[in-house]
Colleague: 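Questions regarding the structure given below will be posed in turn.
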Amino acid sequence: MQSAHRVENNWALSYAIELANKADLPVVVYFGLTEEFPEANYRHYWFMLEGLQEVYSELSSMNIKFVVKVGSPTENLVALSKKASLIIVDRGYLKANKSWYKIAAENISVPLIQVEDNVIVPVEEASQKEEYAAATLRPKLLAKLNYFLDLPAHVTPIKSSIYLEIDSIDIKDFQKTLSHIKTDKTVNRSRYFAGGTSQAKKALETFFQRGIEEYEETGNTPENNVASNLSPYLHFGQISPTFAALKILRSKYSEKHRFLEQLIVRRELSINFVYYNVNYDSFLGLPDWAKKTLSEHAQDTRAYNYSLEQLENGQTHDKYWNAAQREMVKTGKMNGYMRMYWGKKIIEWTQSPHDAFNWAIYLNNKYELDGRDPNGYTGVAWCFGKHDRPWTKRAIFGNVRFMNDKGLERKFDMTKYVDRVNALT
DNA sequence: ATCGGCTCGCGCAA
DNA sequence: TGCGCGAAGCCGAT
């Protein structure tokens, strides 16, 4: 259980239990708590461990042993596999995830099955290539949606594994666990979002009861803040995207397109991007027209040239940008619309578009609870032209879409947004 | 307040 | 080969 940290609606786990029951063998769930995950810090670990603690409780109640080891996820898995008759793994799409599963597959001698359950339509089923835009992926996803919108039946193991003697760290005491992990502790945990499947479901319920009608009407505006807040949970696999999609599809609400577009089309487009484009985390992954036009304007004079430190501290002349940065640093989650504006301004205020790209990724990955996620890489890349079309040529941006504060003021009550962010503690 | 133009590439139709 | 169209826009003309 490396990428889908949940017990319910987990195809890999259900399949493992089903096969174990047929073979009259016990099931053990393993998670490798790695220090190697790029850019993971205290904030991310805390949120993740809150989720894993719930996993532990749920598994215990099903008499399933949950083995957590600090160290290389693959080395420990390979060692464990020597006592197993079959290994079932889940799936992730970033370079680090891909390499775990690849190394595992190469070193495990018992049969190994990978089950994809953090997407609705499996990435290669949806498309065999990197898609140019949402418009090209959307019909492909929609064509297979009906088939894949399905959840596993609830199954329980016949044989208990709870008393098997396998070393594991004590996941309940995760403060102690965290003290053993080499990680950046300067990024504190979020006071606004707590991890775990129960919290994810609570967020979804709150959204349905208090926000979705407004969300469907106006979108998640900076001042109203009516997001589902599912992205941190989806990032760690603490909630199944299929579960969330079915929940809304079967709900009483008549308007549901905007949310489904986000949850399914945009999210799985981002997975398509990181899966098929090895340069998803750099300027080089952008479309040719965008790289060309940004490079042509790399010498253009910038009215402001902020250092990474000034950006990180929210010390620019732009109160809306500073507010967005502060919202991210304080809560671990920036408003969705502001993420676009935020990225666009980093391009505008940074001499080199390569630096701008890297800095945006660095800040996103450091502070967002859903950082280091396909959505984060794709969101930043979008600001640089990915999955978008060219627009009127202008300084610095060339043909890449431009956004300014006038646009924010035209559309939103920005004073309200700034006030809300300033009230965050 | 509203509208057209900007500009590239995909994918369908012919 | 032609043509319509595309996540969130901007700007100048009317």
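A, B, ... follow the sequence lines: proteins, then strands. Residue 1 opens every chain.
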Colleague: Can you tell me, in whole Å, how much space there is between the P of C:dA7 and that of B:dT2?
Modeller: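 Each nucleotide's P atom is 23 Å from the other's.
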Colleague: Could you give the CG-to-P distance, from A:L408 to C:dG9, as a whole number of Å?
Modeller: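 Going from A:L408 (CG) to C:dG9 (P), I get 10 Å.
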Colleague: When the P atoms of C:dT1 and B:dT7 are considered, how many whole Å apart are they?
Modeller: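 Taking atom P in both C:dT1 and B:dT7, they lie 24 Å apart.
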Colleague: Counting Watson-Crick and G-U wobble pairs with both distances under 3.5 Å, what is the dot-bracket string for DNA chain B, 5' to 3', using [ ] for crossing pairs and | for pairs to another strand?
Modeller: ||||||.||||||.
Colleague: Specify whether A:F47 and A:Y233 have parallel, tilted or perpendicular ring planes, treating 30° as the upper limit for parallel and 60° as the lower limit for perpendicular.
Modeller: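 Answer is tilted, since the angle falls between 30° and 60°.
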Colleague: Are A:Y337 and A:F412 close enough that their ring centers fall under 6.0 Å?
Modeller: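 Ring-ring flag for A:Y337/A:F412: true, centres closer than 6.0 Å.
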Colleague: Check for me whether the distance between the ring centres of A:H297 and A:F397 falls short of 6.0 Å.
Modeller: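 No; A:F397 has its ring centre 6.0 Å or more from that of A:H297.
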Colleague: Identify whether any heavy atom of A:A133 sits under 4.0 Å from a base atom; if not, whether one sits that close to sugar-phosphate; answer base, sugar-phosphate or nothing.
Modeller: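 Since no nucleic acid heavy atom lies under 4.0 Å of A:A133, the category is nothing.
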Colleague: Is the distance between the ring centroids of A:Y253 and A:F259 under 6.0 Å?
Modeller: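 Ring centroids of A:Y253 and A:F259 are no less than 6.0 Å from each other.
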Colleague: To the nearest Å, give me how far apart CG (A:D388) and C1' (C:dC5) are.
Modeller: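 Going from A:D388 (CG) to C:dC5 (C1'), I get 13 Å.
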Colleague: Establish, with yes or no, whether the OP1 or OP2 oxygen of C:dA7 is under 4.0 angstrom from a side-chain nitrogen or oxygen of A:R138.
Modeller: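 Looking at the OP1 and OP2 atoms of C:dA7, one of them is under 4.0 Å from a side-chain N or O of A:R138.
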Colleague: Using atom CZ of A:F397 as one end and atom C1' of C:dC11 as the other, report the distance to the nearest whole Å.
Modeller: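 So the two atoms are 15 Å apart, to the nearest Å.
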Colleague: If I take atom CD from residue A:E268 and atom CG from residue A:N118, how far apart are they, to the nearest 0.5 angstrom?
Modeller: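 Interatomic distance, A:E268 CD to A:N118 CG, rounded to 0.5 Å: 10.0 Å.
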Colleague: Write down the distance between CG (A:L137) and P (C:dC5), rounded to a whole number of angstrom.
Modeller: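 For the pair A:L137 CG and C:dC5 P, the rounded distance is 20 Å.
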Colleague: Is A:K411 close enough to C:dC10 that one of its side-chain N or O atoms is under 4.0 Å from OP1 or OP2 there?
Modeller: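 For A:K411, the contact criterion (side-chain N or O under 4.0 Å from OP1 or OP2 of C:dC10) is met.
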Colleague: Could you tell me how far apart A:L263 (CG) and C:dA7 (P) are, to the nearest whole angstrom?
Modeller: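 Spelled out: CG on A:L263 to P on C:dA7 is 17 Å.
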Colleague: What distance, rounded to whole Å, do you find between the two P atoms, one in B:dA14 and one in C:dC5?
Modeller: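 The same atom, P, in both gives a distance of 14 Å.
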Colleague: At less than 4.0 Å, is any side-chain N or O atom of A:N220 found next to OP1 or OP2 of C:dA8? Yes or no.
Modeller: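 So the side-chain polar atoms of A:N220 never come under 4.0 Å of the phosphate oxygens OP1 or OP2 of C:dA8.
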Colleague: Ignoring backbone atoms, establish whether A:R401 has a side-chain N or O less than 4.0 Å from OP1 or OP2 of C:dA7.
Modeller: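 False: A:R401 side-chain N/O out of range (4.0 Å or more) of C:dA7 OP1/OP2.
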Colleague: A:W46 ring centre to A:R43 NZ or CZ under 6.0 Å, with the angle to the axis within 45°?
Modeller: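 Pair A:R43/A:W46 does not count as cation-pi.
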Colleague: Using modelled atom types only, decide if a donor and an acceptor are shared between the side chain of A:D117 and the backbone of A:W11 within a distance under 3.5 Å.
Modeller: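 Side chain of A:D117 to backbone of A:W11: a pair is present.
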Colleague: Quick one: does A:E261 reach the base of C:dA8 with a side-chain donor-acceptor pair under 3.5 Å?
Modeller: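 For A:E261, whose side chain was compared with the base of C:dA8, there is no donor-acceptor pair (under 3.5 Å).
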Colleague: Within this structure, what is the CG-to-C1' distance between A:L269 and C:dA7, rounded to whole angstrom?
Modeller: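 Between C1' of C:dA7 and CG of A:L269: 10 Å.
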Colleague: So how far is it from A:E50 CD to A:L52 CG, rounded to the nearest 0.5 Å?
Modeller: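 CG of A:L52 is found 10.5 Å from CD of A:E50.
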Colleague: Determine whether the aromatic ring centres of residues A:W359 and A:H354 are separated by less than 6.0 angstrom.
Modeller: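 When the ring centroids of A:H354 and A:W359 are compared, they turn out to be at least 6.0 Å apart.
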Colleague: At under 4.0 Å between heavy atoms, what does A:R266 touch on the DNA or RNA strands: base, sugar-phosphate, or nothing?
Modeller: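 Base contact.
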Colleague: Give the rounded distance in Å between these two atoms: CH2 of A:W382 and P of C:dG6.
Modeller: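 Atom CH2 in A:W382 sits about 15 Å away from atom P in C:dG6.
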Colleague: Applying a 4.0 Å non-hydrogen cut-off, can you work out what A:M340 is touching in the nucleic acid: base, sugar-phosphate, or nothing?
Modeller: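 Here A:M340 touches the bases of the nucleic acid.
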Colleague: A:F259 has an atom CZ; how far is it from atom P of C:dA8, in whole Å?
Modeller: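 Interatomic distance, CZ of A:F259 to P of C:dA8: 20 Å.
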Colleague: Distance-only, no hydrogens or angles: does the A:E116 side chain make a donor-acceptor pair with backbone N or O of A:P122 under 3.5 Å?
Modeller: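 Checked: no pair found.
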Colleague: Does the protein touch nucleotides 7-14 of chain B at the base, only the backbone, or not at all? Give it as B, S and - per nucleotide, heavy atoms under 4.0 Å.
Modeller: BBSSS---
